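Okay, so here's the structure we're looking at.
Note that the coordinates shown come from a computational prediction; the quantities given were computed from them, not determined experimentally.
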Amino acid sequence: MLDRLHLVHKACYDPDHSCLPGTRENILKDIGNWATSQEPLTKLFWLHGIAGSGKSSIASSVAYSLDKQGSLAGYFFFKRDIPECRDTQYFISTLAYHLARTYKPFRDVVLQVIQKNPDIANKAISLQFETLFTCPLSECIQLSPSKPLVMIVDALDECQDAGRVSAYLAQLAGLVSWLKIFVTSRPLPEIEK
């Protein structure tokens with residue numbers, strides 16, 4: 001039934017595009033420490049830099065590492081040259097799909113949502129966010145996983161509406177204490193807001 005969320009398969013991370021062994025060790029360590037920290041001081045980690053500076057390789061490395069640890073809550077790798085990976089229509093539903101696959105209490109609530117709203121992934125993004133994240137996470141607020149879970153959004157600047165998506169990510173990071181968001185992009189003002 002989760003398939004009704006229209007997962008964007010091409011928006012995945014590729015371990016083969018991770019950092020080469022022995023490179024980027026300091027930043028990967030800093031991100032790893034942030035991701036595993038139980039302190040909810042900073043729930044959103046924004047890695048920004050110019051095009052071609054290796055942000056996507058770092059994001060792939062982090063995703064792979066967190067996936068092996070069971071801490072990867074979801075991911076969406078925007079790609080300008082792939083239409084479904086720059087369109088934001090299924091961005092929210094793809095993240096919800098991943099979190100539902102990772103975290104059973106959330107999955108249980110989302111499956112009920114899908115039964116009531118089988119075409120939720122085709123609704124407006126604001127309605128998707130409210131229906132797939134705000135309400136379900138409010139029901140899971142007392143059911144914290146044993147460790148923080150992290151969502152990764154790579155190349156946010158390559159989506160069609162980076163400002164609006166970044167606002168949703170900031171909201172998402174504030175909904176529950178155990179969910180963190182790692183974002184990469186070029187340093188654009190609409191994302192920094």
Side-chain angles (χ1 to χ4, degrees), residues 2 4-13 31 34-35 40 42-51 53 55-56 58-60 62-63 72-103 106 109-110 113-114 117-141 149-193:
L2 286 176
R4 297 197 71 103
L5 293 179
H6 297 282
L7 171 70
V8 178
H9 294 280
K10 292 183 179 181
C12 63
Y13 75 93
I31 296 166
W34 165 82
T42 307
K43 304 262 316 286
L44 195 101
F45 191 116
W46 180 35
L47 178 66
H48 54 88
I50 61 170
S53 61
K55 301 177 298 296
S56 291
I58 291 170
S60 289
V62 171
L72 183 61
Y75 49 85
F76 198 103
F77 279 54
F78 285 106
K79 298 173 180 98
R80 174 174 313 162
D81 56 336
I82 302 174
E84 63 266 34
C85 294
R86 69 173 178 258
D87 185 354
T88 57
Q89 177 62 43
Y90 299 123
F91 168 71
I92 296 294
S93 61
T94 295
L95 289 181
Y97 173 92
H98 287 301
L99 183 56
R101 295 287 309 257
T102 303
Y103 187 52
F106 181 77
V109 178
V110 166
V113 166
I114 295 169
N117 302 287
D119 63 341
I120 188 63
N122 295 313
K123 302 287 185 180
I125 293 174
S126 58
L127 186 58
Q128 287 183 47
F129 187 81
E130 178 71 23
T131 307
L132 293 172
F133 280 119
T134 305
C135 294
L137 285 174
S138 70
E139 292 187 36
C140 298
I141 204 159
L149 297 178
V150 180
M151 287 190 173
I152 297 177
V153 178
D154 180 55
L156 179 57
D157 54 291
E158 294 191 18
C159 78
Q160 291 174 336
D161 194 352
R164 185 167 72 154
V165 170
S166 64
Y168 282 123
L169 291 172
Q171 276 185 270
L172 183 57
L175 291 177
V176 287
S177 62
W178 46 265
L179 184 63
K180 297 182 177 189
I181 314 288
F182 175 71
V183 179
T184 70
S185 75
R186 288 180 293 138
L188 299 179
E190 62 266 24
I191 295 173
E192 190 171 0
K193 290 180 194 176

Has [X] got a side-chain atom pairing as donor or acceptor with [Y]'s backbone, closer than 3.5 angstrom?
{"X": "W34", "Y": "T42", "value": "yes"}
{"X": "D157", "Y": "R186", "value": "yes"}
{"X": "T184", "Y": "A155", "value": "yes"}
{"X": "K55", "Y": "L47", "value": "no"}

Restricting to side chain to side chain donor-acceptor pair (under 3.5 Å), what partner residues turn up for [X], sequence neighbours left out?
{"X": "T94", "result": "none"}
{"X": "D161", "result": "R164"}
{"X": "S93", "result": "none"}
{"X": "T88", "result": "none"}

Sequence neighbours excluded, which residues qualify as side chain to side chain contact (heavy atoms under 4.5 Å, CB included) partners of T131?
V113, N117, I120, L127

Holding to side chain to side chain contact (heavy atoms under 4.5 Å, CB included), I want the full list of residues that pass it with S138, two or more places apart in sequence or in another chain.
none

Atom pair [atom1] ([X]) and [atom2] ([Y]), whose distance is rounded to the nearest 0.5 Å:
{"X": "L2", "Y": "L7", "atom1": "CG", "atom2": "CG", "answer": "10.0 Å"}
{"X": "H98", "Y": "I152", "atom1": "NE2", "atom2": "CD1", "answer": "10.5 Å"}
{"X": "I31", "Y": "F45", "atom1": "CD1", "atom2": "CZ", "answer": "4.5 Å"}
{"X": "K43", "Y": "S177", "atom1": "NZ", "atom2": "OG", "answer": "6.5 Å"}
{"X": "L95", "Y": "L5", "atom1": "CG", "atom2": "CG", "answer": "11.0 Å"}
{"X": "S166", "Y": "I181", "atom1": "OG", "atom2": "CD1", "answer": "12.0 Å"}

May I have all residue pairs that pass side-chain hydrogen bond (donor to acceptor under 3.5 Å, both in side chains) and include part of residues 120-129, sequence neighbours excluded?
Y90-N122

Side-chain donor/acceptor pairs under 3.5 Å, residues 75-86, sequence neighbours excluded:
residue, atom, partner, partner atom, Å
K79, NZ, K10, O, 2.8
K79, NZ, C12, O, 3.4
R86, NH1, R80, O, 2.6

What residue among L99, V110, V109 forms side chain to side chain contact (heavy atoms under 4.5 Å, CB included) with C140?
V109

Residues pairing under salt bridge (charged side-chain N to carboxylate O under 4.0 Å, His left out) where one sits in residues 130-139, two or more places apart or in two chains, turn out to be none

Residues passing the ring-ring contact (aromatic ring centres under 6.0 Å, His included) test with Y168, sequence neighbours excluded, are F129

